[in-house]
Amino acid sequence: MTTNGMNDRLHIGVVYYPEQWPESRWAEDAKLMQEAGITTVRLAEFAWHRFEPEEGRYELSWLERALDVLSARGIKAILCTPTPTYPAWLHRKYPDIHQIKSNGQIKEFGQRQDACKNHPGYREHALAITEVVTKRFGNHPAVVAWQTDNELGCHGTARCYCPHCEREFQGWLSRRFGGDIARLNEAWGTAFWSQQYNDFSEISPPRDTADRAGSSGQNPGLSLDFFRFSSDVQVAFNRELARVIRANAPQRIVTHNLMGDFTDINYFDLARDLDVVSWDNYPFFQPQSSHLPPAPLSHDRMRGLKGANVWVMEQAAGPGGWDRFFPTPEPGRIRLWALQAVARGADFVSFFRWRSARFGTEQYWHGILPHHGVPGPRYEEVRQLAGEVARLSPRLAGSRVASKVALLYDFDSLWGLEIQPHSAPGIVYHAVVGAYASALAQLGVAVDVISSDRDFAPYKLLIVPALYVVGDSLLRKIREFVHAGGRIVIGARSAVKDPENAVREEELPAGLTDVTGCAVADYDSFSTLPGDPVQVVADDGAAYPAVHLAELLRPAKEAETLLSYRGRYYSGQAAGVRNRCGRGTSYYLGTFLQEKGLAAFLRIPLVEAQIAILDGLAPAIEVCARERDGVAFRFYINHDRDRATVPLLKGGRELLSGKEVQGDIELEGLQVAVVEER
């Protein structure tokens with residue numbers, strides 16, 4: 001595999017669908033792209049029927065001509081396997097190719113990803129069309145990379161409940177439990193409600209029951225294993241596509257466009273088969289009225305999947321939507337979002353899409369060009385961005401986001417809380433982790449989002465939110481990290497379940513009470529009592545609202561109480577505890593806090609770990625940095641419309657203006673400064 005120049009500089013790109021426009025327009029599009037500073041386009045992810053209009057009859061020359069037009073303007077291409085949208089003739093050949101929901105409803109032809117990945121006919125044809133396309137274009141000089149499929153699992157398609165999936169699930173379980181049904185019965189506790197199985201063939205996916213949908217009301221062990229199985233199916237399909245690509249395009253990068261907030265697939269597993277992680281960034285899904293920075297978790301999580309810089313394969317180019325659409329980003333904001341992505345580790349930002357579609361479901365998912373194809377304000381904004389990125393590239397190429405703080409992200413815990421969300425509004429694990437990431441960003445602290453198999457030793461501080469489902473080996477790893485001198489923050493509802501989603505027998509947090517210096521005496525889900533709120537109070541008297549539930553902590557004699565509860569029957573009891581353990585220190589938080597409260601709590605371990613923080617950072621200001629060879633390139637981003645005065649962490653040369661800056665810097669609304677620190 002070679003980088004084909006993709007990693008030698010920063011790139012701005014677009015998603016382009018030449019098959020959806022007259023061929024006479026292609027040359028004009030390529031010219032406009034070149035003039036805007038576009039270096040790379042993504043092509044053909046939804047073109048299966050155009051490639052294979054009838055079974056076994058292939059038409060590939062149109063893409064050859066499109067590549068010629070683009071490459072004549074110096075534009076490179078990322079090609080895709082056209083597997084996410086199967087053609088109508090394949091649907092007619094296999095009437096059972098579709099997925100089935102947990103309630104038995106068929107997912108009819110006409111969307112994306114609606115074919116069952118376990119259907120043998122779909123799998124055979126998907127790999128066959130991938131073989132044909134990659135053989136033809138695998139070594140094409142204009143092609144720098146290949147994308148497997150498109151947004152695997154999107155629109156609720158990661159989990160299928162059809163007969164094909166039922167049979168595959170039974171085989172997956174048999175392998176997991178060594179063919180021993182007694183082991184499964186013991187692990188899942190199937191004596192409850194007479195759920196014992198005599199054979200793996202008796203097990204069904206967690207379909208809807210009497211008054212519950214999907215996993216709700218089903219055995220938690222069954223549900224968690226089905227979620228794991230469903231993730232494995234998508235991972236295996238991606239691996240097969242990557243294998244075909246590498247066989248026919250061995251010198252090209254393999255990627256996939258993941259979705260920042262998507263949680264149905266274990267992305268750590270999926271990323272192992274990729275050379276570069278790509279993802280799709282649509283900040284307009286978040287509320288825009290406050291003009292706060294888009295949440296950093298998606299950027300940090302995508303970068304953490306391989307511990308490396310990423311590509312943004314789809315970046316918002318305008319208002320998105322299908323039958324309804326989001327507000328139009330005000331002038332300057334799509335540029336700002338793209339620069340935020342660069343600041344947080346993106347080396348390539350590609351806008352979706354080039355031109356707004358005249359036909360189909362996504363007519364109102366607006367592109368850089370409007371429907372009429374005449375360049376307007378968004379085109380000029382992208383041209384400005386591309387020029388700025390070209391100026392930044394000589395200094396930023398090869399740099400990366402570096403951090404001494406790690407945030408553990410655990411899919412078993414995520415799925416465990418999805419199955420049993422605890423409180424009235426529901427504890428959403430991804431949102432819990434996101435609150436920690438946002439709280440750290442408010443303090444100007446970069447974070448690496450990591451999996452449990454990463455080495456903890458390089459980090460000064462490890463943060464473990466809601467490690468709900470955990471095995472003994474990870475508990476040992478955490479204890480060893482702290483005993484060796486590490487600092488760790490552990491959040492509420494940690495070490496509750498074992499890997500089979502059964503509640504552990506020890507006091508909570510099970511297996512960690514010696515580390516945390518406290519045990520959970522009881523807990524209270526107060527979320528159904530809006531008239532009886534609960535707060536946590538710090539030593540300085542500052543109070544912050546608690547959400548979801550409260551664990552009533554019983555600190556050990558040597559532990560220190562950092563936070564106490566105010567409200568309900570446990571006012572004055574410990575809510576946050578610090579404990580020295582071996583050569584290290586733990587900080588246990590027995591409830592869930594919003595970002596402001598989390599920032600106040602996290603400030604304590606950050607200061608004690610000697611990690612630099614920015615006090616008093618305005619809510620609309622985002623500060624983050626990339627580093628190379630010991631030099632920091634710090635981005636100061638003003639997400640508000642109003643002008644702001646921002647204190648610099650360190651002076652240096654501002655790369656966009658070329659000016660030397662010290663002390664404070666004035667940032668106009670929606671503006672960015674990039675300081676090469678001296």
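Small disclaimer: the values here were computed from a predicted structure and weren't measured.
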Checklist line | Partners passing salt bridge (Lys or Arg N to Asp or Glu O under 4.0 Å) against Asp412 (at least two apart in sequence or in another chain) | finding: Arg228
Notebook entry, point to check: So, for Phe226 and Tyr161, is the gap between ring centers shorter than 6.0 Å?
Noted result: yes
Notebook entry, point to check: With sequence neighbours excluded, what pairs up with Glu240 under the side chain to side chain donor-acceptor pair (under 3.5 Å) test?
Noted result: Arg123
Next item on the list: Indicate yes or no: does Asp273 engage Arg246 in a salt bridge with an N to O separation below 4.0 Å.
Entry: no
Check: Does the side chain of Gln315 pick up a donor-acceptor pair with the side chain of Asn281 at under 3.5 Å?
Finding: yes
Margin query: So does Trp146 get a backbone contact from the side chain of Arg252, meaning a donor-acceptor N/O pair under 3.5 Å?
Written below: no
Next item on the list: Determine, step by step, whether Glu168 and Phe229 satisfy the side chain to side chain contact (heavy atoms under 4.5 Å, CB included) criterion, reporting the C-alpha distance in whole Å, the side-chain angles of both residues, the deciding distance to 0.1 Å, and the verdict.
Entry: CA-CA 9 Å; Glu168 292 297 325; Phe229 157 77; 3.8 Å; yes
Notebook entry, point to check: Under the 3.5 angstrom rule, does the side chain of Tyr122 hit a backbone N or O of Tyr94 as a donor-acceptor pair?
Noted result: no
Item checked: Short N-O contact, Lys93 and Glu124, less than 4.0 angstrom -> no
Notebook entry, point to check: Is the shortest distance from a Lys or Arg side-chain nitrogen in Glu500 or Arg183 to a carboxylate oxygen in the other one below 4.0 Å?
Noted result: no
Next item on the list: Compute the ring centroids of Trp279 and Tyr267, then answer whether they are less than 6.0 Å apart.
Entry: no
Note to self: Can you confirm whether or not the ring centre of Phe592 sits under 6.0 Å from the ring centre of His422?
What the structure shows: no
Note to self: If the condition is side chain to side chain contact (heavy atoms under 4.5 Å, CB included), which residues does Ser451 pass it with, not counting sequence neighbours?
What the structure shows: Phe268, Asp453, Arg454
Item checked: Output field: ring centroids Tyr86/His125 closer than 6.0 Å -> no
Check: Any side-chain donor-acceptor pair under 3.5 Å between Asp149 and Gln113?
Finding: yes
